[in-house]
Amino acid sequence: MKIAVCVSNVPDTATKIKIAQDRKSIDSTGVSFIINPYDEFAIEEALKTKEKFGGDSITYSLTVGDDSSKETIRKVLALGVDEAILIKPDKPLDSLGIAKALSEEIKSLGCEIVFFGKQSVDYDSGIVGQLTAELLGYNCITVVVDLKIENDKVIAEREIEGGREIVESKLPIVITAQKGLNEPRYASLKGIMAAKKKNIIEKQFQSENLLEILEMNLPPAKQPGRIIGSDVSAVPELVRLLREEAKVI
Amino acid sequence: MANKILAVLEQREGQLKKVSFEVISLAKKLSTQLSYQVEAIIIGNEISNLSELKNYFSSKVTHFKNQDLNYYSSSAYSKILSDYINENDFSLVIFPNTAMGIDLAPRVAVRTKSAVATDCIKVIYDNEQLIFTKPVYAGKALINFKLNSERKIITIRPNIFKPEKIENENLNLETKEISDLDLTTKVTGYKKSEGKLDVAEADIIVSGGRGMKGPENFHLIEELAEVLGAAVGASRAVVDAGWRPHREQVGQTGKTVSPTLYIACGISGAIQHLAGMSSSKYIVAINKDKDAPIFNIADYGITADALEILPVLIEEIKKIKS
Ligand SMILES: Cc1cc2nc3c(=O)[nH]c(=O)nc-3n(C[C@H](O)[C@H](O)[C@H](O)COP(=O)(O)OP(=O)(O)OC[C@H]3O[C@@H](n4cnc5c(N)ncnc54)[C@H](O)[C@@H]3O)c2cc1C
Ligand SMILES: Nc1ncnc2c1ncn2[C@@H]1O[C@H](COP(=O)(O)O)[C@@H](O)[C@H]1O
């Protein structure tokens, strides 16, 4: 079985965002980048799926980005992914552009099971998996917290508001991973050493963007409010303010 | 491309969801501004409260109906929607930014050759073009953007666009029984969570963090949520500790929420937590440490032991509710 996992390289979640001079992107000086947190679950599931299918199964990781993604890709390799591919577009791409790049590569590799994170924590779109699935004509189940693949049958649980749906589908399939799907492993020392020697395959890609960013802003700063008190005697006043001033209860 | 807007409504278990009224109200508002036509579509089997729509909408609503649509099916829904959009040539399609909307919008976008963007919190029509706003980096920044394609598809965040009531007598409803569904991917069962309300849909959220000291004290959070009709939220620290389920986690790797009122109890206000809830309309913080960062964004704060404050707060609210 050929299995792919798509990994996005994102700013550490502890990053304080500063807007770059173009006013359309973030200033990434001093920002450290990490594997997108949800993609960690996708990587783990790809590795587990390979172990389950066994034989000559193989895992590929795919990243659309520039050379600065390589450090993150090394971490993916260290976890045990067999081959890493870095697709370098001629300019930063929107979600559809990324999905086009990924789908072309997945098609030429012939992967029938493709894992994504449910969302990348930079643009927070949550759509690249579904777009890629559609471009490939694959089935797709999103926000998955439990997964079973038997032959070509897929049974998954996906998280929705207030519950979980049990979903049935078939291969070929795209799965987007939610926290809870598994417990991601740590890289072993052996894995880290092996990853250093591995080759990252580089590809070029060109596409046009449909989404045009006009401006990036910081949200309006929230004014600190007031401290009402430091013991239970403050409670009636809090309730009064919520009722009469904020009018929310 | 026809000058038409389509509002995609959502039902679950045969009940129209509140966010549907928000989608429909935005669609209507934009249709007035752009002088476009507007209509709505809903997919499902029996839907018990469809008539409520007439208080918000007088234009056409099409209900695609089949007994196999008691549950959601991404493949069936995608096909029905894409066919309808292509046949009627809508130029703007609005979904709710829900599990269903996020699942469907990108698929429909590919099938209808549209540009797509999720989680919009503002849409304005300025200088003959639509400008959208969405939060990025979990709300640490916002982008304003255009979609440079003839057809545009967006999802809108719940609780942001206010539903607007109208005077209207009748619902302009057309029910279409459909056959030959594409059920390659279909839901075969549904497990309801124990919690009553989901944080992503709640108007009020009562959240607890490590300052609650242990899972055994979360009954206080639950009781306060109960008397307020609120959802229970949690910080990642308590989710990781196994005190609370992940579905309750608020923040950058949990849920991003914008309720009217957010009450944070024993939560320090780490940047990842703030990212997920700082757009709440009113924030209350109860924390022992007066220097906790949560106070920088709280409207009202009490610097005290949450375990002492909560029982009193529950009693006070019970008093005004009775
Ligand atoms: C990749 C990544 C993603 C993350 N994503 C998220 C996320 O989505 N959501 C999230 O919440 N966090 C997230 N975090 C974790 C975040 O950095 C914090 O560790 C976490 O939010 C802290 O939770 P807390 O406020 O409950 O605990 P703490 O930071 O330990 O704070 C406890 C607070 O309780 C107060 N306190 C103690 N006792 C009492 C008492 N008796 N009464 C009142 N107050 C009391 C203390 O003064 C303190 O301020 C993420 C971290 C990483 C690295
Ligand atoms: N540049 C990228 N390269 C590879 N995979 C990506 C990229 N961007 C997003 N993805 C994948 O798509 C998922 C959803 O991303 P998004 O739609 O941007 O929220 C992520 O969790 C990744 O698995």
Side-chain angles (χ1 to χ4, degrees), chain A residues 11 13-14 16-17 19 26 37 96 121-127 130-131 134-135 139-143 159-170 179-180 210-219 222 224-232 234-236 238-239 241-243 246 248-249, chain B residues 72 74 98-99 102-103 106-107 110-111 115-119 136-149 184-193 198 200-201 228 246-247 252-253 260-261 271-272 278 282 295-304 308-309 312-313 316-317 320:
Chain A
T13 57
K16 272 220 169 75
I17 298 294
I19 311 282
I26 63 161
L96 186 61
V121 302
D122 48 8
Y123 282 84
D124 290 322
S125 294
I127 57 177
Q130 299 90 299
L131 289 169
E134 274 301 320
L135 292 169
N139 300 317
C140 175
I141 309 176
T142 55
V143 202
E159 197 176 88
I160 61 166
E161 297 85 3
R164 286 175 172 201
E165 287 176 339
I166 300 155
V167 190
E168 292 192 16
S169 190
K170 277 201 181 112
K179 182 173 175 177
L210 296 178
L211 188 151
E212 181 186 342
I213 297 180
L214 302 169
E215 199 178 14
M216 183 182 280
N217 294 302
L218 296 178
K222 217 170 153 61
R226 55 199 124 129
I227 302 292
I228 302 164
S230 56
D231 56 35
V232 291
V235 173
L238 172 65
V239 173
L241 287 167
L242 290 175
R243 266 196 105 179
V248 289
I249 58 172
Chain B
Y72 175 59
S74 55
T98 54
I102 302 167
D103 196 54
R107 302 173 199 237
V110 172
R111 293 184 193 197
V116 58
T118 50
D119 203 20
V136 292
Y137 301 97
K140 291 179 202 165
L142 302 167
I143 51 169
N144 294 339
F145 61 94
K146 291 194 296 181
L147 293 174
N148 295 323
S149 62
T184 355
T185 304
K186 65 164 196 272
V187 173
T188 55
Y190 175 53
K191 295 183 185 167
K192 238 190 165 102
S193 319
D198 192 272
E201 298 189 304
L228 287 170
H246 176 250
R247 62 170 190 274
Q252 194 156 9
T253 54
T260 316
L261 173 62
I271 186 164
Q272 296 97 340
S278 56
Y282 284 93
F295 287 121
N296 295 335
I297 63 155
D299 297 279
Y300 307 117
I302 298 182
T303 53
E308 283 172 24
I309 298 295
V312 186
L313 184 54
E316 283 291 316
I317 302 228
I320 62 161

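Every chain is numbered from 1 and lettered A, B, ... according to where its sequence line falls, protein lines coming before strand lines. Just so we're clear, the structure is a prediction, and the values are computed from it rather than from any experiment.
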Exercise for review: Drop me the distance from A:L214's CG to B:K146's NZ, to the nearest 0.5 angstrom.
Suggested key: 6.0 Å
Study note, to complete from the structure: Rounding to 0.5 Å, atoms CD1 (A:I213) and CG (B:N144) come to a distance of 10.0 Å
Review point. Under a 4.5 Å heavy-atom cut-off, does chain B meet the side chain of A:D231, its backbone, both or neither?
Key: backbone
Revision key, fill the gap. If you tally heavy-atom pairs under 4.5 Å between each of B:K192, B:Q252, B:E316, B:E308 and chain A, the highest tally belongs to B:Q252
**Study point:** From OG (B:S193) to CD (A:E159), nearest 0.5 Å
**Key:** 7.5 Å
Review point. Is it the side chain or the backbone of A:V121 that comes within 4.5 Å of chain B heavy atoms, both, or neither?
Key: both
Review point. Between B:L261 and chain A, which part of the residue has a heavy atom less than 4.5 Å away: side chain, backbone, both or neither?
Key: side chain
Check your understanding: Do you know which of B:I309, B:I297, B:V187 has the most heavy-atom pairs with chain A at a distance under 4.5 angstrom?
Key -> B:V187
Practice item. Assess whether side chain to side chain contact (heavy atoms under 4.5 Å, CB included) is satisfied between A:Q130 and B:I102, documenting all intermediate values. Key: CA-CA 9 Å; A:Q130 299 90 299; B:I102 302 167; 3.9 Å; yes
Review point. So, for B:P106 and A:L131, which heavy atoms are closest and what is the spacing to 0.1 Å?
Key: O-CD2, 3.4 Å
Practice item. For B:D198 and A:E161, indicate whether the former's side chain and the latter's backbone hold a donor-acceptor pair under 3.5 Å. Key: no
Review point. How far apart are the C-alpha atoms of A:I227 and B:Y300, what are their side-chain angles, what is the distance that settles it, and do they pass the side chain to side chain contact (heavy atoms under 4.5 Å, CB included) test?
Key: CA-CA 6 Å; A:I227 302 292; B:Y300 307 117; over 6 Å; no
Review point. Does the side chain of B:Q272 pick up a donor-acceptor pair with the side chain of A:T13 at under 3.5 Å?
Key: yes
**Study point:** Heavy-atom pair of closest approach, residues A:P219 and B:L142
**Key:** CA-CD1, 4.0 Å
**Study point:** A:E168 and B:K186 ion-paired at < 4.0 Å
**Key:** no
**Study point:** Sidechain N-carboxylate O distance under 4.0 Å for B:D299, A:K222
**Key:** yes
Point to revise | Atom pair NZ (A:K179) and NE2 (B:H246), whose distance is rounded to the nearest 0.5 Å | key: 4.5 Å
Review point. Checking B:A298 against chain A: side chain, backbone, both or neither under 4.5 Å from a heavy atom?
Key: backbone
Point to revise | Nearest non-hydrogen partners of A:E134 and B:R107, listed with the distance | key: CG-CA, 3.3 Å
Check your understanding: What's the shortest heavy-atom distance between A:C140 and B:T185, and which atoms?
Key -> O-CG2, 4.0 Å
Revision key, fill the gap. Applying a strict 4.5 Å limit to non-hydrogen atoms, the region of B:L313 in contact with chain A is both
Exercise for review: Heavy-atom distances under 4.5 Å only: say whether B:D103 touches chain A with side chain, backbone, both or neither.
Suggested key: both
Review point. Between B:Y190 and A:I166, is a side chain to side chain contact (heavy atoms under 4.5 Å, CB included) present by the stated rule, with each step listed?
Key: CA-CA 6 Å; B:Y190 175 53; A:I166 300 155; over 6 Å; no
Check your understanding: What distance do B:I317 atom CD1 and A:L238 atom CG have between them, rounded to the nearest 0.5 Å?
Key -> 7.5 Å
Check your understanding: Do you know which of A:E212, A:R243, A:K16 has the most heavy-atom pairs under 4.5 Å to chain B?
Key -> A:E212
Review point. If you tally heavy-atom pairs under 4.5 Å against chain A, which of B:R111, B:E201, B:K191 wins?
Key: B:K191
**Study point:** Closest-packed option against chain A by number of heavy-atom pairs under 4.5 Å, given B:S74, B:A304, B:A117
**Key:** B:A304
Review point. Going from CG on A:D124 to OH on B:Y137, what distance comes out if it is rounded to the nearest 0.5 angstrom?
Key: 9.0 Å
Revision key, fill the gap. For A:L211 and B:V116 the tightest heavy-atom approach is CD1-O, 4.4 Å
Exercise for review: Could you look at A:P236 and say if it's the side chain, the backbone, both or neither that has a heavy atom under 4.5 Å from chain B?
Suggested key: both
Review point. Which pair of heavy atoms, one from B:I302 and one from A:A234, lies closest together, and at what distance?
Key: CD1-CB, 4.0 Å
Exercise for review: Flag the one option from A:I127, A:I141, A:D122 with the top tally of heavy-atom pairs under 4.5 Å to chain B.
Suggested key: A:D122
Revision key, fill the gap. Applying a strict 4.5 Å limit to non-hydrogen atoms, the region of B:T188 in contact with chain A is both
Check your understanding: Are any side-chain N or O atoms of B:T260 and backbone N or O atoms of A:V248, one a donor and one an acceptor, separated by less than 3.5 Å?
Key -> no
Exercise for review: Verify side chain to side chain contact (heavy atoms under 4.5 Å, CB included) between B:Y72 and A:I160, making sure each step is shown before the conclusion.
Suggested key: CA-CA 11 Å; B:Y72 175 59; A:I160 61 166; over 6 Å; no
